[in-house]
Novice: 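The structure's right below; bear with me while I get my questions together.
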Amino acid sequence: MKIELHEIPVRDVVNGYKDSAENGVVGYGGRLNIRPAFQREFIYKEKERNDVIYTVLRGFPLNVMYWVKSDNGDYEVLDGQQRTISICQYVANEFSVKVDGTKHKFWNLTKTEQNQILDYPLMIYICEGTDKEKLDWFKIINIAGAKLEPQELRNAIYTGEWLTEAKKIFSKSGCPASKIAGDYLEGSAIRQKHLETALKWIAARDGMEIEDYMSQHQHDTNCNELWLYFQSVINWVKAIFPNYRGKLMKGLEWGFFYNKYSGNQYDPKELEARIVELIEDYRNGYISNQKGIYEYLLDGQEKHLNIRAFSPEMARAAYEKQGGICPRCGKHFEIEEMQADHIIPWSKGGKTTADNCQMLCADCNRRKSNI
């Protein structure tokens, strides 16, 4: 892996500057991808933006920036996007700052002041290496303060036509993925959360990590497989759970559920009736994890619901009533050797109430659970 520190003057970085809005921002003679297409937008406020220009005008040092060199010899900004865009916008006369008490755009400055900005050296680390080496390095940079999201780190490595197409679908406000599934997904599209979620789901389907999937498809000319898969997940969810409940459904790992259970047959009407019952059980305190309702309905495992346990008082009352005898094996045990259990199983409508409590020895309770 090769990491080198370069001093690159502002005049070289702003050369060829072009802001194409959602289609990205470029500079450095068109060779620097300052903001990739459909990535997060410029977020500096006026004061922060102006402070960058004051720093340059006074010759004070800016924090180092980080670029990654791609296989084709071009570059992409990993950290320093906001500072770079601020400088480019000022040199392009897009805003003014106060100089000696008077507002000046770049073209209003003296030739000496203009050259002071254009000759200012930006300290930039440029990284070349394998995908894994670059990702490891970027993670270290992120800890040090780059504040990038994990998917933004990955995007800096696995660039190409496939990623550009994926960002069009998953990485901008009002994108197709947000339109069909925004109610089911957490996080911001422009911070790459929707893309990350889709990649996490499809990678899990194939038994791999996100990085493996992106590496495998980096040089594809389209992202049709990912987009079609994502639509299948959302269409499946809407088909079996047609009544949307935001607090319960938003942010669940629907792709994981689709990978495991989409081959099973479910009756939407029966599922809806059971959801209503389970919500009522939650309100009555019989279960404590309301968001686990959907996974429970798909696989039947009660652990997703955090079913309320019998109270010590209920357990003691059942133990005294049974005289310490386990009703399944007929043997006597001390209360510490027994476990409270539902007489009518909770899955069949039994409630966590005193009249539905029995005490079983640990072995019988285990055997019953395995039936």
Side-chain angles (χ1 to χ4, degrees), residues 3-70 72-127 138 141-142 144-148 152 155-156 159 172-173 190-191:
I3 303 173
E4 290 185 344
L5 179 61
H6 297 255
E7 290 188 9
I8 302 178
V10 165
R11 68 173 69 250
D12 289 352
V13 175
V14 302
N15 178 35
Y17 164 68
K18 182 179 180 181
D19 186 344
S20 301
E22 289 182 341
N23 292 316
V25 181
V26 298
Y28 201 51
R31 297 180 59 202
L32 175 64
N33 195 344
I34 300 173
R35 180 175 62 76
F38 304 102
Q39 200 148 340
R40 58 173 162 161
E41 300 162 359
F42 184 72
I43 58 175
Y44 264 11
K45 295 180 180 178
E46 181 179 351
K47 182 182 183 305
E48 297 167 315
R49 180 193 64 187
N50 292 353
D51 284 345
V52 171
I53 306 306
Y54 292 140
T55 299
V56 173
L57 276 169
R58 293 166 184 165
F60 295 163
L62 280 174
N63 289 337
V64 295
M65 303 181 189
Y66 300 92
W67 294 0
V68 57
K69 189 173 183 179
S70 61
N72 64 5
D74 289 339
Y75 304 91
E76 183 168 320
V77 174
L78 173 67
D79 178 45
Q81 176 193 125
Q82 309 298 320
R83 284 165 284 161
T84 304
I85 291 178
S86 295
I87 293 169
C88 289
Q89 287 180 342
Y90 186 69
V91 174
N93 298 298
E94 294 183 19
F95 66 95
S96 61
V97 298
K98 280 190 176 182
V99 179
D100 297 327
T102 304
K103 283 194 171 184
H104 289 270
K105 288 189 174 182
F106 181 78
W107 59 14
N108 301 130
L109 298 175
T110 66
K111 196 67 175 178
T112 299
E113 290 170 328
Q114 290 181 353
N115 284 329
Q116 185 177 342
I117 292 176
L118 295 175
D119 292 334
Y120 180 90
L122 298 171
M123 307 300 289
I124 300 168
Y125 279 106
I126 298 179
C127 169
F138 294 168
I141 294 170
N142 202 42
K147 308 295 186 189
L148 295 177
E152 290 175 319
N155 289 354
T159 58
K172 71 169 197 171
S173 299
I190 64 173
R191 291 306 303 273

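Atoms considered below: every heavy atom in the structure, side chains included; atoms not considered: hydrogens, waters and symmetry mates.
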Novice: Between Leu118 and Pro9, is there a side-chain heavy-atom distance shorter than 4.5 Å?
Specialist: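 No, every pair of side-chain atoms sits at 4.5 Å or beyond.
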Novice: Between Gln114 (side chain only) and Phe106 (backbone N and O only), is there a donor and an acceptor less than 3.5 Å apart?
Specialist: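 Here the side-chain-to-backbone pair exists.
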Novice: Look up atom CG in Leu5 and atom OH in Tyr125, then write down how far apart they are to the nearest 0.5 Å.
Specialist: 4.5 Å
Novice: If I take atom CD1 from residue Ile117 and atom CG from residue Leu109, how far apart are they, to the nearest 0.5 angstrom?
Specialist: 5.5 Å
Novice: Search all heavy atoms of Cys88 against all heavy atoms of Ile34 and return the closest pair with its distance.
Specialist: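 Shortest heavy-atom contact: SG-CD1, 4.1 Å.
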Novice: For the atom pair CD (Glu4) and NZ (Lys69), what is the distance rounded to the nearest 0.5 Å?
Specialist: 9.0 Å
Novice: Could you grab the distance from atom NZ of Lys111 to atom CD of Gln116, nearest 0.5 Å is fine?
Specialist: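 With rounding to 0.5 Å, NZ (Lys111) is 14.0 Å from CD (Gln116).
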Novice: If you apply the rule side chain to side chain contact (heavy atoms under 4.5 Å, CB included), what do you find for Val10 with Leu122, and how did you get there?
Specialist: CA-CA 7 Å; Val10 165; Leu122 298 171; 4.1 Å; yes
Novice: With side chain to side chain contact (heavy atoms under 4.5 Å, CB included) as the criterion, how do Ser20 and Val25 come out once you've worked through the C-alpha distance, each side chain's angles and the decisive distance to 0.1 Å?
Specialist: CA-CA 6 Å; Ser20 301; Val25 181; over 6 Å; no
Novice: Show which side-chain atoms of residues 96-103 pair as donor or acceptor with protein atoms under 3.5 Å away, not counting sequence neighbours.
Specialist:
none

Novice: Applying the side-chain contact (heavy atoms from CB on, under 4.5 Å) test to Met65, which of Leu78, Ile126, Thr84, Ile8 qualifies?
Specialist: Thr84
Novice: Evaluate the side chain to side chain contact (heavy atoms under 4.5 Å, CB included) criterion for residues Glu48 and Gln82: first the C-alpha distance (whole Å), next the side-chain angles of each, then the deciding distance (0.1 Å), finally the verdict.
Specialist: CA-CA 9 Å; Glu48 297 167 315; Gln82 309 298 320; over 6 Å; no
Novice: Quick one: does Arg83's side chain have a donor or acceptor within less than 3.5 Å of a partner on Val52's backbone?
Specialist: no
Novice: Can you see which heavy atom on Glu113 is nearest to which on Leu57, and at what distance?
Specialist: O-CD2, 4.4 Å
Novice: Keeping Asn108 on the side-chain end and Lys105 on the backbone end, is there a donor-acceptor pair under 3.5 Å?
Specialist: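 Checked: pair present.
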Novice: Just how far is it from atom OG of Ser70 to atom CZ of Arg31, taken to the nearest 0.5 Å?
Specialist: 9.0 Å
Novice: Looking at CD1 of Ile87 and CG of Leu62, how far apart are the two atoms once the value is rounded to the nearest 0.5 Å?
Specialist: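 That separation rounds to 5.5 Å.
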Novice: Applying ring-ring contact (aromatic ring centres under 6.0 Å, His included), name anything that partners Tyr75, two or more places apart in sequence or on another chain.
Specialist: Tyr28, Trp67
Novice: Taking the side chain as C-beta and beyond, is there a heavy-atom pair between Val13 and Leu32 under 4.5 Å?
Specialist: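 Touching, per the 4.5 Å side-chain cut-off.
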Novice: Please lay out, stage by stage, how Ile85 and Arg49 fare under the test side chain to side chain contact (heavy atoms under 4.5 Å, CB included).
Specialist: CA-CA 9 Å; Ile85 291 178; Arg49 180 193 64 187; over 6 Å; no
Novice: Just by distance, with hydrogens left out, do Ser86 and Gln89 show a side-chain donor and acceptor under 3.5 Å apart?
Specialist: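 The criterion, which ignores hydrogens and geometry beyond distance, is not satisfied for Gln89 and Ser86.
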Novice: Pick out which of Tyr54, Tyr17, Trp107, Phe95 makes a ring-ring contact (aromatic ring centres under 6.0 Å, His included) with Tyr90.
Specialist: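 When ring-ring contact (aromatic ring centres under 6.0 Å, His included) is applied between Tyr90 and each of Tyr54, Tyr17, Trp107, Phe95, only Phe95 qualifies.
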